[in-house]
Amino acid sequence: MPVKNRELALAFERIGDALEFRGENPFKIIAYRRAARILNDLTEDIEVIHAKGALRSIPGIGEGIAKKIDEFLRTGKMKKYEEVVGDIPDGFLELMAIPNLGPKTLGLANKELGVRSLSDLKRVILDGSLARLPRMGEKKVANILKGIERFEVSKERISLGEAFPLVTRVTDRLRQLKEVHQVSPAGSLRRSKETVGDIDILVSAETGREVIRAFTHMPEVEERLAEGDTKGSVVMAGGHQVDVRVVPENSYGAALQYFTGSKAHNVKLRSMARERGLKISEYGVFKGERKVAGKTEEEVYGILNLPWVPPELREDRGEIEAAMKGKLPSLVEYVHIKGDLHVHSDYSDGAASLEEIAEEAKRLGYEYVAICDHSKSVRYAGGLSEERILEQLEHIARLNEKIGNFTILAGTEVDILQNGTLDYPDRLLEKLDIVVAAIHMGFKQNCTERMQKAMDNPHVDVIAHPTGRLISSREGYQIEIHKIIEKAAATGTALEINAYYDRLDLSDVNVRTAKEYGVHLSIGTDAHNLHQLWMMKLGVGVARRGWLEPEDLLNILPVDALRDFVNVKRKRS
DNA sequence: GCCGTTTTCGGCCCGACTGTTTTCAGTCG
C-alpha cells in the first residue's frame with residue numbers, strides 16, 4: 001500500500017477512536033472510520049489522486065475529510081488529529097479493543113477515576129471503585145475482567161489457512177446430523193479474507209437444540225462459552241473461537257447473507273432497501289410486517305434488483321454499484337485452474353520427489369505443475385547449483401516422456417541478488433520452461449530497483465511473492481508496489497499470487513490494482529510438501545477478492561498457451 | 001462528517017443480549 005494511504009488511514013482510524021471515546025456524534029465517527037477503510041482499500045496512490053484534484057470524487061470523502069487529506073499531504077500535519085488524539089496517552093485508545101469494555105465505560109472510568117492505562121484499569125477493578133460507578137455492577141466488572149484476560153492472551157485474528165481446515169472439520173461433522181439441512185461457513189472466512197476473527201458457521205435445521213449440543217460436544221472442544229437453542233459458542237483446541245447458529249430453512253438465505261458480511265457491504269445494502277421501503281434483517285426482507293424474501297441469498301439480492309454477489313466481493317469496494325449496472329466480474333473459480341506454478345521438490349528444501357508431486361497434481365485434476373526450486377545463493381534452502389538444476393532438467397524430461405496427459409514444467413525460483421542481477425546466467429534460464437524470480441535476501445536494500453531490473457530480463461516470467469510480507473510476522477520489503485506493477489505491465493511480466501497461507505502475496509487489493517494495469521497474475525502455492533498443494537484454494541480466494549476473471553490468470557491456460565506467454569516476452573528483446 | 005430521482009437539512013442498518021434498571025444503556029456482531 002502506498003505509504004501516504006496507510007498513514008492517512010491510520011490517522012483517521014485514530015481520530016474515529018478518539019471521537020468515540022469522547023462521546024461524539026456516532027455518525028461522525030462512522031464517517032472517519034469509513035474514510036480509513038476507503039484509504040486502506042484504495043487501489044491508487046492517494047498522492048496521485050490529490051495531485052489530480054480528484055479527492056472529492058471518491059465516495060465517502062467529502063469536503064471535511066478532503067481538506068484534512070490536503071492539509072496532511074502538503075504540511076505533513078493534521079490539526080484535527082492533534083486536537084482530538086494529541087493529548088491522549090499512548091496505548092490508551094487500544095483499551096477499546098478489550099471485549100465487553102466499550103467507549104462509554106472507558107470514558108466514564110477515565111473521567112471519574114482517572115484511568116489512563118491498562119494497569120490503572122486493573123487497579124480500579126480490583127479495589128472495587130469501578131463497580132460503584134453509575135450503571136456498573138459486579139457482573140459487568142467481572143465480564144470486563146474476563147475481557148482483559150482474552151485481550152492479553154489474544155492471538156489476534158488467525159490466518160485463513162489455519163481457519164479453513166478447522167471449519168471444514170466442523171462443517172463435515174454437522175452435515176452428518178439428520179436434523180441438519182444446510183451448512184455453510186459465514187463471516188470473513190466465507191469471504192476468503194486473509195485473516196479470520198471468530199469462525200461463524202450457519203446451519204438450517206428444524207430444531208436447533210440437538211445440533212448445538214452435538215457441536216458443543218465435539219471432541220476438539222476445549223471450552224463451552226454458550227449452548228442455547230439457536231446458538232452455540234465454543235473455544236476449540238488451539239484457542240480459536242467457533243460459533244454455530246441454527247436458523248429455520250425459510251430464513252437461511254437472509255441469515256447467510258447477514259452473517260457473511262462484510263459489515264460495510266450490509267450497511268449499504270440495508271440503506272438501499274430502506275429507500276425502497278424494505279427492511280433487511282437476518283430473518284428476511286420485510287415490507288411492513290410482510291416477509292417478502294429470505295429463503296436464499298439470491299432472493300435477498302433479487303428483491304433489490306441485484307444479481308447475487310459472490311461473497312469474496314462483499315467489502316463495499318464498488319461491488320454493489322457494479323451489480324446495479326450488471327457489471328459484476330465473472331470471477332475465476334477453482335475448477336478453472338489447470339496447474340500450480342510454484343512448487344518445491346526434494347531437489348531443494350521441499351519434501352516430495354518429482355514423481356510424487358506429478359502424481360498428486362494429476363490427482364488434483366491439473367494438467368501441469370511447475371517445479372521451482374531455489375537457486376544457488378539461497379544456501380539455507382538448499383538452492384541448486386547450476387550442475388544440479390541441469391540434472392533436474394533431464395530428470396523432468398525423462399519423467400514427462402513416461403507420464404501421459406500431464407506436463408512437469410522445469411522452472412526455478414531464481415534469486416534476485418543485491419545488485420538486481422539474477423542468481424543464474426541467461427544461458428541457463430533460457431533452457432527452462434518458466435522462470436520465477438524472487439528476493440530472499442537484503443529486504444531493505446533498494447528492492448524496487450532490483451525487481452524492476454529483474455523484470456527487464458526477458459527470461460523472467462513471474463515475480464514471486466512481490467511484497468515479501470508474512471502475515472503473522474513480517475511487514476515485507478520496502479518497495480513501491482505501484483512501480484513494480486507498472487514495470488510488470490510494461491515488460492509483460494506476470495506477478496504472483498503466492499498462495500502459501502502465511503504469505504497470500506500479492507494481497508487482494510494489490511491484485512486488483514495489477515489487473516487494472518493489465519498485468520497477468522500467476523497463482524503458486526509455494527508448496528514444500530504434497531499436503532500444501534491444497535492452498536491453491538486460498539490463492540483462488542485472493543484472486544476472486546481481487547476481482548480476477550479467468551483470463552487474468554496464467555493458471556487457466558493450457559500448457560501450450562502458457563509456453564506462448566513465456567515466448568512472447570523472450571522474443572521481445 | 002457524508003449525502004441527496006422525495007431532502008442542501010436531517011437523516012445515517014438492525015437486532016440480540018446483558019446487566020442494570022423501574023424503562024433503558026452499553027456492547028456486540
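Everything quoted here is computed from the prediction, not taken from an experiment. Order of the sequence lines fixes the chain letters, A, B, ..., with proteins taken first and strands second; residue numbering starts at 1 for each chain.
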Rounded to the nearest angstrom, tell me the gap between atom CG in A:L130 and atom C1' in B:dG19. 14 Å

Atom CD1 of A:I148 to atom P of B:dT27: distance rounded to whole Å? 13 Å

At under 4.0 Å between heavy atoms, what does A:K263 touch on the DNA or RNA strands: base, sugar-phosphate, or nothing? base

Nearest to the side chain of A:K139 - B:dT20, B:dG15, B:dG26? B:dT20

Would you mind telling me which residue lines up with the more 5' stretch of DNA chain B, A:L101 or A:S271, judged by nearest nucleotide? A:S271

Measuring from the side chain of A:V267 (C-beta onward, heavy atoms only), which nucleotide among B:dC13, B:dG15, B:dG1 has the closest atom? B:dC13

Look at the side chain of A:N266 and the backbone N and O of A:Y258, then say whether any donor-acceptor pair between them is shorter than 3.5 Å. yes

Between CE of A:M136 and CG of A:L108, what distance do you get to the nearest 0.5 Å? 7.5 Å

Counting heavy atoms from C-beta on, name the nucleotide in B:dG15, B:dC24, B:dT18 closest to the side chain of A:N143. B:dT18

In this structure, how many angstroms lie between the C1' atom of B:dC17 and the CD atom of A:E282, rounded? 12 Å

Pairwise P distance, B:dT21 and B:dG26 [rounded to whole Å]: 12 Å

Roughly how many Å apart are B:dT5 and B:dG1, using the P atom of each and rounding to a whole number? 23 Å

Counting only side-chain nitrogens and oxygens, does A:T105 get under 4.0 Å of the OP1 or OP2 atom of B:dT27? yes

Rounding to the closest angstrom, what is the interatomic distance between B:dG11 and B:dA16 at atom C1'? 25 Å

So does A:G294 get a backbone contact from the side chain of A:E299, meaning a donor-acceptor N/O pair under 3.5 Å? yes

Taking atom C1' in both B:dC2 and B:dT7, compute the distance separating them and give it to the nearest angstrom. 14 Å

Starting the side chain at C-beta, find the nucleotide from B:dG29, B:dT27, B:dC13 nearest to A:K104. B:dT27

Students often get this wrong, so: under 4.0 angstrom with heavy atoms, is A:I15 touching a base, only sugar-phosphate, or nothing? nothing

Quick one: which of B:dG26, B:dG19, B:dG1 gets closest to the side chain of A:N25? B:dG1

Testing B:dG1, B:dC28, B:dC14 for proximity to the side chain of A:P99, the answer is B:dC28

Nucleotide paired to B:dT8 in any strand shown, Watson-Crick or G-U, under 3.5 Å: none

Please give the distance between the C1' atoms of B:dC9 and B:dC14 as a whole number of Å. 24 Å

Using atom P of each nucleotide, how far apart are B:dT20 and B:dC28 to the nearest Å? 16 Å

At less than 4.0 Å, is any side-chain N or O atom of A:K231 found next to OP1 or OP2 of B:dA16? Yes or no. no

Using distance alone, with no hydrogens and no angle criterion, decide if A:S251 and A:E282 have a side-chain donor and acceptor under 3.5 Å apart. no

Check: A:L269 and A:R314 side chains under 4.5 Å, non-hydrogen atoms: no

Comparing nearest nucleotides in DNA chain B, the 5'-proximal residue of the pair A:A31, A:L106 is A:A31

Which nucleotide in B:dG1, B:dG26, B:dG29 has an atom nearest any side-chain atom of A:I65: B:dG1

In terms of side-chain heavy atoms of A:Y32, which of B:dC13, B:dG1, B:dG26 is nearest? B:dG1

Among B:dA16, B:dC14, B:dC2, find the nucleotide with the atom closest to the side chain of A:R34. B:dC2

Sticking with atom P, work out how far B:dG15 lies from B:dG10, rounded to a whole angstrom. 25 Å

Write down the distance between CD1 (A:I29) and C1' (B:dC2), rounded to a whole number of angstrom. 14 Å

How long is the gap from CD1 on A:I58 to CD1 on A:I38, to the nearest 0.5 Å? 7.5 Å

Would you tell me whether A:E44 and A:H482 have side-chain atoms, one donor and one acceptor, within less than 3.5 Å of each other? no

Sugar-phosphate, base or nothing in reach of A:P59, heavy atoms under 4.0 Å: sugar-phosphate

Quick note, A:D198 side chain, CB onward, closest among B:dG29, B:dG15, B:dG26 is B:dG29

For nucleotides B:dC13 and B:dG29, find the distance between their C1' atoms and express it as a whole number of Å. 12 Å

